Amino acid sequence: MNDNPYSTAVLAWYQANARDLPWRHDDASPWSVLVSEIMLQQTPVVRVLPAWAAWMERWPTPADLAAAPSGDAVRMWNRLGYPRRALNLHACARTIVERHGGEVPDSHTDLLALPGVGPYTAAAVASFAYGQRHAILDTNVRRVLARTVTGVQYPPKAQTRAEVALAEALLPAEASVAARWGVAVMELGALVCTARSPACGECPISGDCAWRAAGRPAHDGPPRRGQTYAGTDRQVRGKLLAVLRDASGPVPKAALDAVWDEPVQRERALDALVADGLVDPLDDGRYALPR
DNA sequence: GAGCCGTGGCC
DNA sequence: TGGCCAAGGCT
């Protein structure tokens, strides 16, 4: 009732093996937790660590970031990837100041309404920053549950209702325990039950794992992904934005044209950056990061 | 709901 | 080498 078959072992393992990440410290502010969660979307911890530290040093509160131009956030984001997240975080800061008195909201509903905050991030902030009871279902948890409970190597490509129901069913009743359970399962997936080479010998619940009991059968079915990058609009967008990030001010169009030969794709990528609010076309024909 | 959105490291 | 993967969200 207050427990699931794995919680005791997983919580004990976490107690002994959790990484010392700064956004997990007792004195970490809800804002610092939100910043970490946005940065960690599709981005490895090792690359987030220095970016998070620099960000928190420069903008310790939502009000600090809200007072800055959004272009400063894009430049500070540097090469973390998915730069719309920088814009989202800036918009979060302004919303938090205007609608929540400068404090990161603690309700899942209010969090979900913030730009760039989806079901996972809202649950993570409510749970990790505020100690609330929410099911945490990220790529790590999905993989752990797929193996342990369902007995398959990988979860389905798209998240299913069944996975949500399972995560909720496993949630310990007590809020503080549930919050530790969520981060503990994530950590287990990140450190032990990894995608490519799971360390079952170090897993606290390997004895209860359906996938291991079945002999660790390989994933069957269609290939899981096919995410090419070279030659895509994404690559062109990255090159264009890098020019603006590395410049101290507005740049002439020729500087942007120089990064990609094919004009149709180049213009399409630039237009998309402008539409996204990541690039500002000036009246004089030059381009700049937004104000 | 499938496709799109950056970047870098790893085997 | 290149496909795969990394604390997702939006359209």
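Predicted model, so just to flag it, every value in this text is computed and none were measured. Proteins come first, then strands; the chains are lettered A, B, ... in the order of their sequence lines, and each starts at number 1.
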Can you find a heavy atom in the side chain of L40(A) that is under 4.5 Å from one in the side chain of W52(A)?
no
Does R79(A) make a side-chain N or O approach to OP1 or OP2 of dG8(B) shorter than 4.0 Å?
yes
Say we look at dA6(C) and dG6(B): how far apart would their C1' atoms be, to the nearest angstrom?
12 Å
Quick check on contacts: within residues 241-268 of chain A, what sits under 4.0 Å from DNA chain C by heavy-atom distance?
none
By the 4.0 Å heavy-atom rule, please label T232(A) as base, sugar-phosphate, or nothing.
nothing
With the side chain defined as heavy atoms from C-beta on, R196(A) is closest, among dC5(B), dG3(C), dA7(C), to dG3(C)
Protein-nucleotide distance (Y82(A), atom OH; dG8(B), atom C1'), rounded to Å
12 Å
Give one of base, sugar-phosphate or nothing for W23(A), where a contact means two heavy atoms less than 4.0 Å apart.
base
Do you know the tightest heavy-atom contact between D106(A) and Q132(A)?
O-NE2, 2.6 Å
In chain order, what residues pass the side chain to side chain contact (heavy atoms under 4.5 Å, CB included) check against S107(A), with sequence neighbours excluded?
T109(A), D110(A)
Has T43(A) got a side-chain N or O lying under 4.0 Å from the OP1 or OP2 atom of dG6(B)?
no
Taking only the side-chain heavy atoms of R84(A) (C-beta and beyond), determine which of dT7(B), dG9(C), dA7(C) contains the nearest atom.
dG9(C)
Pair D261(A) + R266(A): basic N to acidic O under 4.0 Å
no
Which whole number of Å gives the distance between the P atom of dA2(B) and that of dA7(C)?
22 Å
With sequence neighbours excluded, give me every side-chain hydrogen bond (donor to acceptor under 3.5 Å, both in side chains) pair touching residues 281-291 of chain A.
D284(A)-R286(A)
Quick one: does V144(A)'s side chain get under 4.5 Å of V10(A)'s, heavy atoms only?
no
Residues which pass side chain to side chain contact (heavy atoms under 4.5 Å, CB included) with R19(A), listed by chain and number, not counting sequence neighbours
L21(A), R24(A), V45(A), E187(A), A190(A), L191(A)
L80(A) atom CG is separated from dG9(B) atom P, nearest whole Å, by 13 Å
With rounding to whole Å, what would you report as the distance between dC4(C) and dC4(B) at their P atoms?
16 Å
Would L241(A) and V279(A) count as a side chain to side chain contact (heavy atoms under 4.5 Å, CB included) here? Give the steps.
CA-CA 8 Å; L241(A) 199 59; V279(A) 173; 3.9 Å; yes
What is the distance from CG of D138(A) to P of dG9(C), rounded to the nearest Å?
10 Å
Could you state the CG-P distance from N140(A) to dA7(C), rounded to the nearest angstrom?
4 Å
Could you check whether any side-chain N or O of R58(A) sits under 3.5 Å from a backbone N or O of L65(A), counting only pairs where one atom can act as donor and the other as acceptor?
no
Check whether any side-chain N or O of R143(A) sits under 4.0 Å from OP1 or OP2 of dA6(C), and answer yes or no.
yes
Scanning both residues in full, the closest heavy-atom pair of V97(A) with A66(A) reads CG2-CB, 3.9 Å
Within residues 179-189 of chain A, the residues having a heavy atom closer than 4.0 Å to DNA chain B are none
Remember a base hit wins even if backbone is also touched, and classify G118(A) as base, sugar-phosphate or nothing at under 4.0 Å, heavy atoms.
sugar-phosphate
Which whole-number value in Å describes the distance from L89(A) CG to dG8(C) P?
16 Å
Is there a donor and acceptor pair closer than 3.5 Å between the side chain of R234(A) and the base of dG6(B)?
yes
So does E262(A) have more than 12 non-hydrogen atoms from other groups sitting under 6.0 Å from CD?
yes
What interatomic distance, in whole Å, is found between C1' of dC5(B) and the corresponding atom of dC5(C)?
16 Å
Between dC10(C) atom C1' and L87(A) atom CG, what is the distance in whole Å?
14 Å
Give, ordered by number, those residues of residues 13-22 of chain A having at least one heavy-atom distance below 4.0 Å to an atom of DNA chain C; if nothing qualifies, reply none.
R19(A), L21(A)
Below 4.0 Å: OP1/OP2 of dG8(C) and any side-chain N or O of Q42(A):
yes
Contact class for I136(A) vs. all strands (heavy atom < 4.0 Å): base, sugar-phosphate, or nothing?
nothing
May I have the step-by-step check of side chain to side chain contact (heavy atoms under 4.5 Å, CB included) for V236(A) and K239(A), ending in yes or no?
CA-CA 5 Å; V236(A) 183; K239(A) 286 178 176 295; 5.7 Å; no
5′-ward residue of the pair R47(A)/P119(A) relative to DNA chain C:
R47(A)
What is the distance, to the nearest angstrom, from the NZ atom on K239(A) to the P atom on dG6(B)?
14 Å
W77(A)-W55(A) aromatic ring centre distance below 6.0 Å
yes
Nearest whole angstrom, please: distance from the P of dC5(B) to the CG of L278(A).
12 Å
Would one find more than 12 heavy atoms of other residues, nucleotides or ligands at under 6.0 Å from atom CZ of R268(A)?
yes
Which is more 5' along DNA chain C, the nucleotide nearest T121(A) or the one nearest P44(A)? Just name the residue.
P44(A)
